[in-house]
Undergrad: 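Quick one: this structure, given as structure tokens, is what I'll be asking you about.
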Amino acid sequence: MLDIRLLRESPELVKQRLATRDAALAPLVDQILAIDSARRAAETERQQLQSDRNRLSKEIGIGRKNGEDTSAKETEVRGIGTRIDEIGQEADAADTQQRDLLLALPNLPHDACPIGTTAEENPEVRRWGTAPAYDFEPKDHIALGQAHGMLDFEAGAKITGSAFVVYRGPGARLERALINFLLDLHTTQHGYTEISPPLLVKPECLVGTGQLPKFGDQVYHSPEDDLYLIPTAEVPVTNLHREEILKNEQLPIHYAAYTPCFRREAGSAGLGTRGLIRMHQFDKVELVHITTPETSMDALETLTGHAEKVLQLLGLHYRVIELCTGDIGFGSAKTYDIEVWAPGQKAYLEVSSCSTFGDYQARRMNLRYKDAEGKNRIAHTLNGSGTALARLFVALVETHQQADGTILIPEALRRHYGADQISTLSK
RNA sequence: GGAGAGAUGGCUGAGUGGUCGAAAGCACAUCUUUGCUAAAGAUGCGUAGGAGUAAUCCUACCGAGGGUUCGAAUCCCUCUCUCUCCGCCA
């Protein structure tokens, strides 16, 4: 959520920055400002009436004690009460309307975010390694999954539906090994505190991180309980400190959480994609930072580096791209995507999206900290996948497949997997 | 799921219809004094919103939301959470 004061003080700046996302957003700023001004007028009147009521009520109390007749004043206050109700409804309605509009407004892209309108304009920042060459035709993960009895898409469709998968045997073991590898890496090498959160959250949490109210159709919902299945661990983990005032010395906070993620992918064009690329449920290890405003931009670089380390240790070629203003997510101020090379797909797959949200999420969830002067300030939040599992699985088995059909387990993962390769014997 | 108890400022805790945003203590900050591993005293110390150039003033908030009343931390209703006991269960 943007600061209403920023809109009041610098409406042109806000409009310009929003227009770098989408030209249609700028008019919303004037709409919000009109409501804000009406809201304040109503609020001022309400407060004046409340002040009158408080004063007269006190006089009635004192008058009664002294045995005076207070009925005239009581009638007057009754009239004031009616007007307070009327003007109060007006003020509350304007307040709700203003909040709804502000919640539907995306974050301002950071100055450091490259200007552009579509994904084609996302600049590549760097590459690590090179795409491996094979002296045989590399199989894709679907074929490899079938050969080793690792992935059962039919079973997933049978018990739940399309875009659900059953991992079995070495596949299930590899998935579990990757989860442990990722958590161990981030907690022991990068200093993160491990979190295992609930997978169902209240609507307020999704409002806090920005999925609600705009993207409710992308999240699984249990109406009887008004609870939502999390689309990412970002939601419960960032909301851990919702409506709190953290102490200065508590920052920065670094959390790493493994959770399954659930996404309806309503209207998604890619849902027809074969294999593990786009699923309704997938595993992910998420990294969350809560920082001061002064350190959040540096933290984004650090966070991205932590996610990259995963791919380096697993010997997977990747590239880092920087999302342009027209392509960054709703709440993001600046985002790096990490895309890993998948030889069987002959394509780069997004396995991590690392973003700083500035104070956008923190203001939505009223997450503050006390600075060195003892002043309450809105914190900054960041998160990035460290990394998504299903696509990492794809890149891993496709990259490390051998001519004889076996799959080499990278050195760094062997301790967790318990073997140095997946062969047909490992079924 | 059933029964009971509770929810007040950073913490403890008083307050059952009228200057209560809220006593007192602790903690914290600044200052003063005596002095030495501390003690005493003074002052200050919640959040949000609104008006004003500003000093400052006003409003709201005692778990949340409604209601009664001229007036609610206080009375009534609903909900949430915590604790205890019972049931059920991994």
Side-chain angles (χ1 to χ4, degrees), chain A residues 1-9 32-103 196-208 212 221-228 236 239-251 253 260 359-379:
Chain A
M1 189 160 71
L2 299 182
D3 188 354
I4 184 65
R5 273 165 290 205
L6 181 66
L7 269 70
R8 274 182 217 147
E9 286 159 20
I32 292 170
L33 286 174
I35 290 162
D36 180 52
S37 132
R39 188 197 111 245
R40 282 190 291 164
E43 189 61 40
T44 304
E45 189 176 346
R46 162 154 73 179
Q47 292 184 357
Q48 181 57 50
L49 290 168
Q50 284 172 327
S51 177
D52 292 346
R53 177 170 70 183
N54 287 346
R55 182 172 43 78
L56 284 167
S57 290
K58 268 173 198 166
E59 288 175 18
I60 291 168
I62 293 162
R64 282 213 183 159
K65 231 175 239 169
N66 299 336
E68 293 163 15
D69 175 19
T70 56
S71 55
K73 272 182 181 161
E74 284 176 32
T75 308
E76 189 184 349
V77 176
R78 219 174 271 132
I80 292 174
T82 310
R83 281 168 59 209
I84 288 175
D85 286 346
E86 287 164 6
I87 196 76
Q89 276 176 21
E90 231 175 88
D92 290 344
D95 192 70
T96 305
Q97 208 180 351
Q98 179 177 325
R99 184 174 168 78
D100 287 351
L101 283 167
L102 278 172
L103 285 176
S196 181
L199 307 181
L200 288 160
V201 294
K202 299 178 183 185
E204 301 92 282
C205 293
L206 289 151
V207 171
L212 285 180
H221 181 223
S222 167
E224 291 86 351
D225 309 288
D226 201 16
L227 292 174
Y228 293 80
N239 276 281
L240 243 26
H241 297 289
R242 180 160 52 92
E243 280 161 52
E244 288 186 10
I245 301 174
L246 299 166
K247 293 190 180 74
N248 197 24
E249 55 270 25
Q250 282 178 270
L251 300 179
I253 287 173
D359 62 8
Y360 186 84
Q361 290 184 326
R363 182 171 287 106
R364 288 170 86 103
M365 64 178 78
N366 204 16
L367 195 187
R368 292 169 294 172
Y369 74 100
K370 238 177 226 317
D371 68 13
E373 283 84 53
K375 257 187 75 182
N376 294 336
R377 297 174 69 194
I378 312 269

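If you're wondering where the values come from, they're calculated on a predicted model, not measured in any experiment.
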Undergrad: Strictly below 4.0 Å, heavy-atom distances to any atom of RNA chain B: list the hits from residues 1-9 of chain A, or just say none.
TA: A:R5, A:R8

Undergrad: Sticking with atom P, work out how far B:rC79 lies from B:rA3, rounded to a whole angstrom.
TA: 12 Å

Undergrad: For B:rG9, give its Watson-Crick or G-U wobble partner with both distances under 3.5 Å, or none.
TA: none

Undergrad: Could you measure between the two C1' atoms, the one in B:rG65 and the one in B:rG2, and give it in whole Å?
TA: 26 Å

Undergrad: Without decimals, in angstroms, what is the distance between A:N376 CG and B:rC28 P?
TA: 19 Å

Undergrad: Tell me every residue that passes side-chain contact (heavy atoms from CB on, under 4.5 Å) with A:D371, counting only those two or more places apart in sequence or in another chain.
TA: A:Y369, A:E373, A:K375, A:R377

Undergrad: Between A:E244 and A:R368 (salt bridge meaning N to carboxylate O under 4.0 Å), is one present in this structure?
TA: no

Undergrad: Using the P atom in both, what is the distance from B:rA14 to B:rG71, to the nearest Å?
TA: 30 Å

Undergrad: Tell me, yes or no, whether the heavy-atom count around A:R242 atom CZ, taken from other residues, nucleotides or ligands under 6.0 Å, exceeds 12.
TA: yes

Undergrad: Rounded to whole angstrom, note down the C1' distance from B:rC45 over to B:rG10.
TA: 11 Å

Undergrad: Which is more 5' along RNA chain B, the nucleotide nearest A:K65 or the one nearest A:K370? Just name the residue.
TA: A:K65

Undergrad: In B/S/- notation, 5' to 3', how is nucleotides 54-83 of chain B contacted by protein heavy atoms closer than 4.0 Å?
TA: ----BBS---------BS------------

Undergrad: Quick one: A:L246 CG to B:rU47 P, roughly how many Å, whole number?
TA: 15 Å

Undergrad: Taking atom P of B:rA51 as reference, at what distance in whole Å does atom CG of A:L49 sit?
TA: 15 Å

Undergrad: Is there side-chain contact between A:K247 and A:K370, with at least one heavy-atom pair below 4.5 Å?
TA: no

Undergrad: For the pair made of NZ in A:K375 and P in B:rG46, what is the distance, rounded to whole Å?
TA: 15 Å

Undergrad: Counting neighbours of CZ on A:R83 that are heavy atoms of other residues, nucleotides or ligands and sit closer than 6.0 Å, is the number greater than 12?
TA: no

Undergrad: Say you pick atom C1' in B:rG25 and the same atom in B:rA64; how far apart are they, in whole Å?
TA: 29 Å

Undergrad: Which value, in whole Å, describes the distance between the C1' atoms of nucleotides B:rA60 and B:rG44?
TA: 24 Å

Undergrad: Donor-acceptor pair, A:R364 side chain versus A:L103 backbone, under 3.5 Å?
TA: yes

Undergrad: What I want to find out is whether A:E74 reaches A:R64 closely enough, with some N-O distance under 4.0 Å, to be called a salt bridge.
TA: yes

Undergrad: Quick one: A:R377 CZ to B:rU47 P, roughly how many Å, whole number?
TA: 15 Å

Undergrad: For A:R40 and B:rA51, is the shortest distance between a side-chain N/O and OP1 or OP2 below 4.0 Å?
TA: yes

Undergrad: Could you work out the separation of B:rC11 and B:rA90 based on their C1' atoms and round it to a whole Å?
TA: 37 Å

Undergrad: How far apart are the C-alpha atoms of A:R46 and A:E43, what are their side-chain angles, what is the distance that settles it, and do they pass the salt bridge (charged side-chain N to carboxylate O under 4.0 Å, His left out) test?
TA: CA-CA 5 Å; A:R46 162 154 73 179; A:E43 189 61 40; 3.2 Å; yes

Undergrad: Could you tell me whether A:D36 and A:R40 make a salt bridge, using a distance below 4.0 angstrom between a side-chain N and a carboxylate O?
TA: yes

Undergrad: Between B:rU43 and B:rC61, how far is it from one C1' atom to the other, in whole Å?
TA: 27 Å

